[in-house]
Protein chains: 2
Amino acid sequence: MTNIKDVAIKAGVSVSTVSRVMNNRGYISQATKDKVFNAMKDLNYQPNEIAKSLFKKKSNIIGLILPDISTPFYAEETRYIEEELYKLGYKLMLCNAYNSSSREQEYINMLLRNQVDGIIIGSHTLKIEDYLNLNLPIVALDRYLGDDIPIVCSDHIEGGKLAALELLNCGCTNILHFSGSLKVPTPSNDRHKSFNDTLERKNIKVNTVELPINFFSFLDYSSIIQEALDNNPDIDGIFATDTIALATIKELIKRNKNIPNDVKVVGYDGLSICALTYPTLTTIQQPIKDLSKEAVKTLINLINKKNSYIEKKIILPVSLKRGNTT
Amino acid sequence: MTNIKDVAIKAGVSVSTVSRVMNNRGYISQATKDKVFNAMKDLNYQPNEIAKSLFKKKSNIIGLILPDISTPFYAEETRYIEEELYKLGYKLMLCNAYNSSSREQEYINMLLRNQVDGIIIGSHTLKIEDYLNLNLPIVALDRYLGDDIPIVCSDHIEGGKLAALELLNCGCTNILHFSGSLKVPTPSNDRHKSFNDTLERKNIKVNTVELPINFFSFLDYSSIIQEALDNNPDIDGIFATDTIALATIKELIKRNKNIPNDVKVVGYDGLSICALTYPTLTTIQQPIKDLSKEAVKTLINLINKKNSYIEKKIILPVSLKRGNTT
DNA sequence: GTGAAAGCGCTAACAC
DNA sequence: GTGTTAGCGCTTTCAC
């Protein structure tokens with residue numbers, strides 16, 4: 001690779017002059033500017049960001065740690081995160097931690113060694129102190145990583161309520177609720193509680209089926225859903241995240257249930273793949289793009305320490321997107 | 001951040017000794033080893049990979065350029081690529097080029113500036129020469145980037161044939177085929193040709209609808225599918241990539257068509273989200289994990305120039321996964 | 001306006 | 001076995 005010295009020689013100036021021209025610093029005559037730009041073009045010069053990072057102690061790289069990028073929700077989120085980072089001149093280093101704490105710790109160490117300027121985490125397998133001790137700008141996606149780490153999430157409480165009200169309005173009286181693992185403290189627990197509370201206040205029975213912690217492979221869905229439906233043959237309403245909801249609908253149709261006549265289903269997420277499935281899922285739409293944008297914005301503010309005050313809890317509104325399953 | 005010098009001082013040795021201990025090079029007494037390891041632990045030292053990269057002229061970073069990570073196929077592929085890279089000690093820098101040539105060129109320049117060791121490309125908006133002139137190890141995912149750039153793809157010819165035979169065996173006589181844009185030369189064109197040829201040899205009529213180049217948003221699907229179905233009211237068989245196939249099934253059901261009785265549908269890809277949809281799609285399964293593994297393996301071989309001979313065309317087998325749409 | 005030189009944190013000769 | 005030193009490709013003081 002050609003370096004700054006090659007450009008300097010070609011242009012007949014010193015390396016510091018080339019650096020100045022590149023970074024548009026100080027006063028340089030138009031004549032030398034032209035010489036330098038021509039040399040750069042002739043040599044097809046690309047400045048070495050590694051050397052720059054070493055000196056500047058800033059890599060402009062952001063680490064993203066997720067449980068599994070291939071899950072539709074994380075895939076969409078990653079898309080928007082990358083897009084926002086790109087606009088701001090940052091690069092994305094992607095890490096799939098698969099909810100393994102050793103894997104997550106290894107990734108964090110790797111990111112530290114690579115001098116990333118900050119990390120966006122949508123995983124939570126370590127202890128709160130471990131995150132704090134990193135001494136690096138961090139933003140959490142829908143996870144509580146301690147009071148000092150900003151969190152970006154949707155309004156789960158409102159979401160749970162909206163879902164409950166939709167099923168109530170449809171006249172459901174025997175409801176099955178697939179909740180995430182309640183062992184890990186995440187904002188979605190608020191959604192589960194809000195959903196159940198809203199229904200119980202109306203004296204509606206809710207059967208909550210708690211899903212295991214590591215539950216990303218769609219192939220694992222079937223047996224758990226089957227068991228839940230076997231145990232609750234008379235349910236007439238279901239609430240679950242979109243992918244679980246879709247898999248449940250599939251199973252219900254196989255069981256000759258008519259949707260929405262026999263059973264109403266409400267999802268949570270608003271995944272774009274819902275545009276491909278029939279019947280169209282009624283779902284609580286998370287603002288995935290805005291969540292991603294806010295996460296990036298908050299992290300970059302943290303890095304720049306631009307705003308003395310950084311919002312620690314960013315909750316974005318959800319909305320009911322009515323389809324044909326209610 | 002604490003650096004190698006801090007560790008050296010703390011351990012009472014020179015920086016080169018610390019470096020030797022870290023990299024396990026040369027003979028070092030157990031006593032100094034212990035001193036150094038203790039110092040590293042006490043200071044919670046993480047070696048600076050940026051400095052190492054600068055010296056070694058190797059970043060251990062691989063760039064991945066895709067049209068859109070949020071598309072299920074690319075999301076799955078990315079997952080496996082990251083997994084393989086991680087096992088080999090490489091890191092992944094993710095780029096979404098959105099089929100924009102300016103965007104793709106900017107990403108390539110960015111990756112060059114960041115001294116990536118190689119690039120995996122699943123996009124193709126530049127000229128063949130542009131890729132060759134990069135003078136950097138490159139592997140193409142399902143794109144022809146010139147004779148000298150290895151390509152990894154599934155056996156499209158066999159896939160197209162398998163799909164055609166499946167529809168034939170089901171007795172379809174009026175077939176609608178959604179093909180990707182034929183303006184860009186990609187291996188999937190072979191699939192389209194193979195599909196059509198197989199049917200035409202049996203004197204079966206195929207109506208091919210060519211999709212636009214930039215066609216990733218599921219929201220764009222509907223109007224094109226509607227138009228195709230309006231123009232071909234009597235079709236009894238459909239072939240398309242999984243996502244298009246799913247969206248078409250949705251539209252057919254809306255039109256009160258029974259699947260598979262009235263219309264048979266065969267997909268191409270074998271996406272994991274197919275486990276969530278009903279009826280279960282009959283599809284040609286691409287070996288997504290193996291494709292990803294092969295792409296990584298080939299790229300790393302290219303980087304290490306380990307094998308004097310590097311396979312330039314890696315074609316992996318596909319298989320028919322029969323569901324309930326045929 | 002431009003150049004010389006130090007230094008970012010590491011590795012690898014080359015000493016001894 | 002371990003230390004000294006040059007240098008990877010940049011940026012930035014400090015000269016002039």
Side-chain angles (χ1 to χ4, degrees), chain A residues 1-40 43-61 89 91 109-117, chain B residues 1-40 43-61 89 91 109-117:
Chain A
M1 279 296 275
T2 118
N3 61 23
I4 196 171
K5 206 172 159 188
D6 300 327
V7 177
I9 292 169
K10 177 102 181 175
V13 298
S14 72
V15 289
S16 40
T17 298
V18 175
S19 173
R20 281 193 195 96
V21 172
M22 273 198 296
N23 299 291
N24 201 22
R25 253 190 255 307
Y27 291 95
I28 303 138
S29 72
Q30 192 58 46
T32 38
K33 270 190 191 170
D34 291 344
K35 277 192 292 182
V36 170
F37 279 127
N38 284 333
M40 296 200 317
L43 297 171
N44 197 16
Y45 171 67
Q46 296 285 355
N48 185 327
E49 289 284 335
I50 298 237
K52 187 169 175 168
S53 298
L54 180 59
F55 185 89
K56 291 265 212 174
K57 293 170 171 296
K58 186 159 193 308
S59 64
N60 287 303
I61 298 176
K91 295 143 277 179
N109 289 340
M110 180 278 273
L111 294 173
L112 286 173
R113 288 196 301 275
N114 282 275
Q115 317 298 116
V116 296
D117 296 335
Chain B
M1 281 297 273
T2 118
N3 61 23
I4 197 172
K5 207 172 162 187
D6 300 328
V7 176
I9 293 170
K10 177 103 181 175
V13 297
S14 73
V15 289
S16 43
T17 299
V18 176
S19 173
R20 281 195 195 94
V21 172
M22 273 198 297
N23 298 292
N24 200 24
R25 253 192 254 305
Y27 293 95
I28 304 137
S29 72
Q30 191 58 49
T32 37
K33 270 190 189 171
D34 292 344
K35 277 192 297 183
V36 170
F37 279 127
N38 285 333
M40 293 198 322
L43 296 171
N44 196 18
Y45 172 67
Q46 298 284 355
N48 184 328
E49 289 284 337
I50 298 238
K52 189 170 174 168
S53 299
L54 180 59
F55 184 88
K56 293 267 211 172
K57 292 172 173 296
K58 184 159 195 310
S59 64
N60 286 303
I61 299 176
K91 296 142 274 177
N109 289 340
M110 181 277 274
L111 294 172
L112 287 173
R113 287 195 301 272
N114 283 274
Q115 316 299 118
V116 295
D117 296 335

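In what follows, every chain begins at residue 1, and chains take the letters A, B, ... in the order their sequences are listed.
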*Can you tell if the side chain of A:Y45 reaches within under 4.5 Å of the side chain of A:D6, non-hydrogen atoms only?*
no
*Please report, rounded to the nearest Å, how far the P atom of D:dC10 is from the CG atom of A:N24.*
18 Å
*Would you check if the side chain of A:K91 reaches a backbone N or O of A:S59 as a donor-acceptor pair within less than 3.5 Å?*
yes
*Do we see a donor-acceptor contact under 3.5 Å between the side chains of A:T32 and A:S29?*
yes
_Side-chain donor/acceptor of A:N38 to backbone N/O of A:D34, under 3.5 Å_ = yes
*Flag, side chain of A:N3 to backbone of A:K5, donor-acceptor distance under 3.5 Å*: yes
_B:I9 CD1 to C:dG9 C1', straight-line distance once rounded to whole Å_ = 13 Å
_Spacing between A:D6 atom CG and D:dC8 atom P, to the nearest angstrom_ = 11 Å
Quick one: which protein N/O atoms are closer than 3.5 Å to N/O atoms of nucleotides 10-12 of chain C? Pair and distance per line, please.
residue: C:dC10; atom: OP1; partner: B:Y45; partner atom: OH; Å: 2.6
residue: C:dC10; atom: OP1; partner: B:N48; partner atom: N; Å: 2.9
residue: C:dC10; atom: OP2; partner: B:I4; partner atom: N; Å: 2.3
residue: C:dT11; atom: OP1; partner: B:N23; partner atom: ND2; Å: 3.1
residue: C:dT11; atom: OP2; partner: B:S19; partner atom: OG; Å: 2.7
residue: C:dA12; atom: OP1; partner: B:K56; partner atom: NZ; Å: 3.3
residue: C:dA12; atom: OP2; partner: B:R25; partner atom: NE; Å: 3.1

*Report yes if a side-chain nitrogen or oxygen of B:K57 is closer than 4.0 Å to either non-bridging phosphate oxygen (OP1 or OP2) of D:dG9; otherwise report no.*
yes
*Hey, is NZ on A:K58 packed in by over 12 heavy atoms from elsewhere, all under 6.0 Å?*
yes
*What residues in residues 29-39 of chain B put a non-hydrogen atom under 4.0 Å from any atom of DNA chain C?*
none
*If you look at every strand shown and take non-hydrogen atoms under 4.0 Å, does A:L54 touch a base, only sugar-phosphate, or nothing?*
base
_Donor-acceptor contact present, side-chain A:S53 to main-chain A:E49, <3.5 Å_ = yes
*asked:* Assess, by modelled atom type and distance only, whether the side chains of A:S16 and A:S19 contain a donor and an acceptor separated by less than 3.5 Å.
replied: no
